[in-house]
Amino acid sequence: MKTTFTFDKLPLKFYKRDVLTVARELLGTTLIRKKDNLTFAGIIVETEAYDGKTDQAAHSFNGMTKRNETMFKGGGYLYVYFTYGNHYCCNVVTGNPGGGCAVLIRAVEPINEIETMTINRYSKSTISDKELLNLTNGPGKLCKAFSIDLKDNSAELSDDQIFILNSKNNKLENISTSKRIGISKSVDLPWRFFITDNKFVSRK
DNA sequence: CCACGGATTGGCT
DNA sequence: GCCAATCCGTGGA
């Protein structure tokens, strides 16, 4: 069965704004990843902002390297990196070229092609309710489920392989803020955003 | 060349 | 809640 989506892609100008604004406004939008004729989809429920100019926790803080160069390309690119020997994480680059700003996508609520995500994550097609909640509730987990890796680094969100739909309801989402997770520098900045009480958020 | 540590995860206590 | 796994990128000698 083919599923279609009636929402529009977020325009390039959406990404070319302040990283904190984009991190907050990405909540409730829908991440789409097309691969092998499949359309993976999930509602973004948790994000973190990283700012190359003021934020020591940002990969871009100490300047451009081969690893982080996508962060300097300006709003509208996908920055994917490899970490802890096992995991990929995906970010949406924001702001102007040279700024080194990006939003880490930390969790999504899966809404399409869930069975393939299940196979990608657990190498089996039948899972428990608990395993469903663990399918995409972390930055490494959602990349595994959506089959996102370094080949997707520097992808343009205006293209058709990976993009984000403006799926926000008219009703305002209830948004919570907290310190970011898993970092050792600039630890006190309240730059993590998540949809309050959503079951697919990685942590309270 | 080598040492260090990481925007994590999952398994075990 | 704690901690090992795992390996590439980065920076210093």
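In what follows, chains carry the letters A, B, and so on, assigned in the order in which the sequence lines appear, proteins first and then strands, with residues in each chain numbered from 1.
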Undergrad: Can you name the nearest heavy-atom pair linking A/Ala57 to A/Lys185, along with the distance?
TA: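 For A/Ala57 versus A/Lys185, the nearest heavy atoms are CB-O, 3.4 Å.
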Undergrad: According to salt bridge (Lys or Arg N to Asp or Glu O under 4.0 Å), does anything in residues 144-157 of chain A pair up with another residue at least two apart or in another chain? List the pairs.
TA: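 Sorted pair list: A/Arg33-A/Asp152, A/Asp149-A/Lys151.
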Undergrad: Decide yes or no for A/Leu104 and A/Trp191: does some side-chain heavy atom of the first lie under 4.5 Å from some side-chain heavy atom of the second?
TA: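 Side chain of A/Leu104 against side chain of A/Trp191, heavy atoms only: no contact under 4.5 Å found.
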Undergrad: Looking across every strand, which nucleic acid part, if any, lies under 4.0 Å from A/Ile183 by heavy atom: base, sugar-phosphate, or nothing?
TA: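 Answer is sugar-phosphate: A/Ile183 comes under 4.0 Å of backbone atoms only.
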Undergrad: Sorted by first residue and then second, give each salt bridge (Lys or Arg N to Asp or Glu O under 4.0 Å) pair with at least one member in residues 53-68 of chain A; sequence neighbours left out.
TA: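 Listed by first then second residue: A/Asp55-A/Arg180.
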Undergrad: Counting the atoms with a prime plus P, OP1 and OP2 as sugar-phosphate, which does A/Asn91 contact under 4.0 Å by heavy atoms, base, sugar-phosphate, or nothing?
TA: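 Base contact.
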Undergrad: Does the A/Asn198 side chain pair with the main chain of A/Phe200, one donor and one acceptor, at a distance under 3.5 Å?
TA: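 Pair found, side chain donor or acceptor close to backbone of A/Phe200.
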Undergrad: Mind checking whether A/Leu31 and A/Ile162 have side chains closer than 4.5 Å, heavy atoms only?
TA: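 Heavy-atom side-chain distance check passes, below 4.5 Å.
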Undergrad: Say you pick atom P in C/dT6 and the same atom in B/dC2; how far apart are they, in whole Å?
TA: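 Comparing P positions in C/dT6 and B/dC2 gives a spacing of 22 Å.
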Undergrad: Going 5' to 3' along DNA chain B, which are the first and last nucleotides with any atom under 4.0 Å from a heavy atom of chain A?
TA: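 Contact boundaries, 5' end first: B/dG6 to B/dG10.
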Undergrad: I'd like to know if A/Lys35 pairs up with A/Glu113 as an ion pair, taking the criterion as any Lys NZ or Arg NE/NH1/NH2 lying under 4.0 Å from an Asp or Glu carboxylate oxygen.
TA: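 No.
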Undergrad: Side chains of A/Thr70 and A/Asn153: do they bring a donor and an acceptor to under 3.5 Å?
TA: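 Judged by distance alone, the side chains do pair up.
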Undergrad: Counting primed atoms plus P, OP1 and OP2 as sugar-phosphate and everything else as base, spell out the protein contacts along nucleotides 6-13 of chain C at 4.0 Å heavy-atom distance: B, S or - for each nucleotide, 5' to 3'.
TA: BBSSS---
Undergrad: What pairs of residues pass the ring pair (Phe, Tyr, Trp, His ring centres under 6.0 Å) test when at least one of them lies in residues 88-116 of chain A, not counting sequence neighbours?
TA: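 Sorted result for residues 88-116 of chain A: A/Phe82-A/Tyr88.
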Undergrad: Is the shortest distance from a Lys or Arg side-chain nitrogen in A/Arg24 or A/Asp18 to a carboxylate oxygen in the other one below 4.0 Å?
TA: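 Salt bridge flag = no for A/Asp18 with A/Arg24.
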Undergrad: Let me spell it out: for each of A/Arg121 and A/Tyr79, pick the nucleotide of DNA chain B with the closest heavy atom. Which residue's pick is nearer the 5' end?
TA: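 Between the two, 5'-proximity favours A/Tyr79.
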Undergrad: Taking both distances under 3.5 Å as the test for a Watson-Crick or G-U pair, what stems of at least three pairs does DNA chain C have?
TA: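 For DNA chain C the paired stretches long enough to count as stems (3 pairs minimum) are B:1-6 with C:7-12, B:8-12 with C:1-5.
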Undergrad: Taking the P atom in each of B/dA7 and C/dG1, what is the distance between them to the nearest angstrom?
TA: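 After rounding to an integer number of Å, I get 22 Å for this pair.
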Undergrad: Ion pair present between A/Glu46 and A/Arg192, side-chain N to carboxylate O less than 4.0 angstrom?
TA: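 Looking at A/Glu46 and A/Arg192, the cut-off is met.
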Undergrad: At under 4.0 Å between heavy atoms, what does A/Arg203 touch on the DNA or RNA strands: base, sugar-phosphate, or nothing?
TA: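 Result for A/Arg203 = nothing.
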Undergrad: For A/Leu142 and for A/Ser184, find the nucleotide of DNA chain B with the closest heavy atom, then tell me which residue's nucleotide is more 5'.
TA: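 Upstream on the strand: A/Ser184.
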